[in-house]
Amino acid sequence: MRKHLSLMWVFLLVLAVVLPQLNADTASQEQRIQQLETLVKDQQTRIDGLQQRLNTSTEDKVAGKFAKKAAADDPKIVAGYDGGFFVRDAEENFKLNITGYMQVGVGIFENNTTANNSFYANGLYLTFDVYIYKHWHGRLQVDFAPNHQQFFGSTSWGNPIVRDGYVEYTGIPMFKVRAGNTHVPFSITGQYGENEGITIWGDPYLSWTHGRDPGLLIYGTLANMIDYSVGIFNGDFSVNNNANDDFLMAGSLRFYPMKTKDGKMDKGFFIHVGGLRSRDGERQSNGAAGVIGGAATFSPWGRYIYGGNTPNDAAGTKGWKTGVDGGFVFKKDMGPDGKNNLRVEFEAIYFKFDRERGTWNGNQRLPALEAYSFYFGTSYFMAMGKTKGMGIFPLFTFSYAWVGNKGSNSNLVNGKTDTQQAYTYTFGLGMAFNEHVSIAFNWIVMKLDERTTYGGPKSTAGDVSGGEEHAWFVQATFQF
């Protein structure tokens, strides 16, 4: 018994010594745990702060990068090249396009003709197109080499003239309005620029097509198949003020029978009709180049077929001139990749010129002169190589022009004038090196009726008419 009591006291003594120490160790461990928890919380707080700062910095950098990209993608002013040089704002409320082209070449003629072999500039054009709020458009086109008597000793290089100079509103597709110096809407080929025709030069009948004139033009598209144009003009040719109180009236319709895959008008094929009427004061046959009132015709390179001497003055006109025009243009992309192109065009013109003048035989009204012509042209562009726009293009055109009055002869008392007619054939071959640079060769054969006033051998001195003439031209074109 005593032995058991001794053992119990020993156990209690051990507990008395050990328990306080255990309690102290437990308290110390809890305190350390609390300190560690506090330290962990502090570290977590610091880590969270660092992470937040890192995220903010990354977001700022990314946002800044996208902001810079957005600013680059949508600047206030954009400049570049797209078929011409341009400058525009981001919303395209203002846009300026600058395009141009120049044509230089050499013409060679038979030795016994009046034309002189010569290097020449056919045109040095610079065109400015300004678009304001998308629907207002202004155009200024300047020719810095307007000389069209290149082969007859003229030295008028370097006298710039305005070709196009107009302002228009295009916001209503069916009713667009244009005011200024622009093409008269009469013929097909008469509305071509120097770089738009099949051949280097036009044909004799082009002197009747009038070209440009100051005036007011209304045009638009109807029923997604008809383009119309109608206008009133001075009638005294490009950039000239009116010489009398009368105006020239002209209009045309173009019918597009074919549609594209998306249902729009196929501009590659159209049928054209046009009309022109004007009342003029007296014009002599040897008036300004391109005389329509004088019923004059010209060689493709600009020589008057009517010489302008006294017997020819019976061709001078005064009063009404009336013209009608009809034809078609067909253009078709061909070949396996659609890079080749066939072009075919035809045009016929008829004019009547009054002669309300009394130069001869008192004050009588002379019989009206008539003029008619037809023209056919074709070319085929064959793409070559990998360069865009590179290829060769053979071409051929034929035209016939006639001016006179029934029973024509040189009897001035009866007011009759010798008939003149011209057959013109042009054979050509061209090479396009790319979309901007090309070179073309044209061989022109012009056969004149021997009955033309002052007709006879080509070697006759003075204003030579009659016989057959040959001319050769090589011309380079650069456009941007």
Side-chain angles (χ1 to χ4, degrees), residues 72-105 121-146 160-171 173 176-183 189 191-198 200 211-212 217 219 221 227 229 238-239 260 264-265 267-268 329 331 333 338-339 341 343 379 381 383 385-391 393 430-440 475-480:
D73 290 343
D74 191 23
K76 293 182 178 180
I77 298 295
V78 180
Y81 181 87
D82 183 13
F85 296 101
F86 70 87
V87 178
R88 64 170 175 82
D89 64 357
E91 294 78 20
E92 294 195 23
N93 290 326
F94 173 86
K95 185 177 181 180
L96 169 64
N97 287 347
I98 302 175
T99 57
Y101 65 91
M102 62 180 180
Q103 296 175 314
V104 293
N122 189 30
L124 299 176
Y125 287 82
L126 198 58
T127 305
F128 302 87
D129 287 292
V130 178
Y131 300 87
I132 300 176
Y133 294 107
K134 299 182 181 179
H135 299 312
W136 289 97
H137 171 221
R139 165 173 283 200
L140 175 63
Q141 184 181 77
V142 180
D143 183 3
F144 292 89
I161 62 172
V162 173
R163 288 297 188 188
D164 287 333
Y166 60 77
V167 176
E168 62 182 350
Y169 178 74
T170 61
K176 303 175 184 179
V177 181
R178 177 185 299 177
N181 198 71
T182 185
H183 277 110
T189 49
Q191 298 183 63
Y192 286 160
E194 275 74 1
N195 64 337
E196 295 175 333
I198 290 179
I200 293 175
R212 294 175 174 90
L217 176 70
Y219 68 103
T221 301
D227 281 347
S229 298
S238 185
V239 297
T260 61
K264 297 181 180 179
M265 289 192 309
K267 294 283 188 175
V329 172
K331 299 178 182 179
D333 292 335
K339 294 182 179 180
N341 183 268
R343 175 175 177 176
S379 66
F381 179 84
K386 297 182 180 180
T387 302
K388 186 177 181 180
M390 183 178 183
F393 49 96
M431 172 70 186
F433 300 97
N434 48 54
E435 291 182 299
H436 306 284
V437 182
S438 64
I439 188 169
Q475 179 172 283
T477 299
F478 173 78
Q479 56 188 11
F480 61 88

CD1 of Ile98 to CG of Leu126: how many Å apart, nearest 0.5 Å? 7.0 Å
Is it possible for you to check whether Arg343 lies under 6.0 Å from the centre of the six-membered ring of Tyr192, through NZ or CZ, and within 45° of that ring's axis? yes
Between Thr260 and Met265, the two heavy atoms sitting closest are CG2-O, 3.8 Å
Is the closest basic N to carboxylate O distance between Lys76 and Asp89 below 4.0 Å? no
Any side-chain heavy atom of Asn341 sitting closer than 4.5 Å to one from Phe393? no
Atom pair CZ/CG of Phe85 and Leu96 - distance to nearest 0.5 Å: 12.0 Å
Side chain to side chain, Thr189 and Gln191, heavy atoms closer than 4.5 Å: no
Do His436 and Gln479 pair up side chain to side chain, a donor and an acceptor below 3.5 Å, judged on atom types alone? no
Which pair of non-hydrogen atoms, one from Ile200 and one from Ala440, has the smallest distance, and what is that distance? CD1-O, 3.9 Å
Output the distance between atom OG (Ser438) and atom CZ (Phe381), rounded to the nearest 0.5 Å. 9.5 Å
Steps toward side-chain hydrogen bond (donor to acceptor under 3.5 Å, both in side chains) verdict (Asn195, Thr477): CA-CA 8 Å; Asn195 64 337; Thr477 299; over 6 Å; no
Given side chain to side chain contact (heavy atoms under 4.5 Å, CB included), test Gln141 with Arg212 step by step and report yes or no. CA-CA 12 Å; Gln141 184 181 77; Arg212 294 175 174 90; 3.3 Å; yes
Please work out whether the ring planes of Phe480 and Phe478 are parallel, tilted or perpendicular, with thresholds of 30° and 60°. tilted
Nearest 0.5 Å, what's the NE2-OH distance between His183 and Tyr166? 9.5 Å
Going by side-chain hydrogen bond (donor to acceptor under 3.5 Å, both in side chains), Ser238 matches just one of Asp164, Asn181, Asp143. Which one? Asn181
Closest contact, heavy atoms only, Pro160 versus Val142: CB-CG1, 3.9 Å
Polar side chain donor-acceptor pair, Thr221 to Asp227, under 3.5 angstrom: yes
Should Val130 and Phe94 count as side-chain neighbours, where that means a heavy-atom distance under 4.5 Å? yes
With a 4.5 Å limit on heavy-atom distance, are the side chains of Asn122 and Val104 in contact? no
Interatomic distance, CG@Asp129 vs NE2@His137, rounded to 0.5 Å, equals 3.5 Å
Taking it one step at a time, do Thr170 and Tyr219 satisfy side chain to side chain contact (heavy atoms under 4.5 Å, CB included)? CA-CA 9 Å; Thr170 61; Tyr219 68 103; 3.9 Å; yes
Arg163 vs Tyr125, test: side chain to side chain contact (heavy atoms under 4.5 Å, CB included). Steps then yes/no. CA-CA 9 Å; Arg163 288 297 188 188; Tyr125 287 82; 3.5 Å; yes
Closest non-hydrogen atoms of Thr99 and Gly83, given as atom of the first, atom of the second and distance, are CG2-O, 3.7 Å
More than 12 non-hydrogen atoms from neighbouring residues, nucleotides or ligands closer than 6.0 Å to OH on Tyr133, yes or no? no
Centroid separation under 6.0 Å, is that true for the rings of Tyr131 and Trp136? no
Interatomic distance, OG@Ser229 vs CZ@Arg178, rounded to 0.5 Å, equals 8.0 Å
For a 4.5 angstrom cut-off between non-hydrogen side-chain atoms, does Lys388 reach Asn434? no
Note, His135 side chain near Tyr169 side chain (heavy atom, < 4.5 Å): yes
Residue pair Glu92, Lys134: steps toward the side chain to side chain contact (heavy atoms under 4.5 Å, CB included) verdict: CA-CA 7 Å; Glu92 294 195 23; Lys134 299 182 181 179; 4.3 Å; yes
Pair Arg88 + Asp82: basic N to acidic O under 4.0 Å: no
Would you find more than 12 non-hydrogen atoms of other residues, nucleotides or ligands less than 6.0 Å from Lys339 atom NZ? no
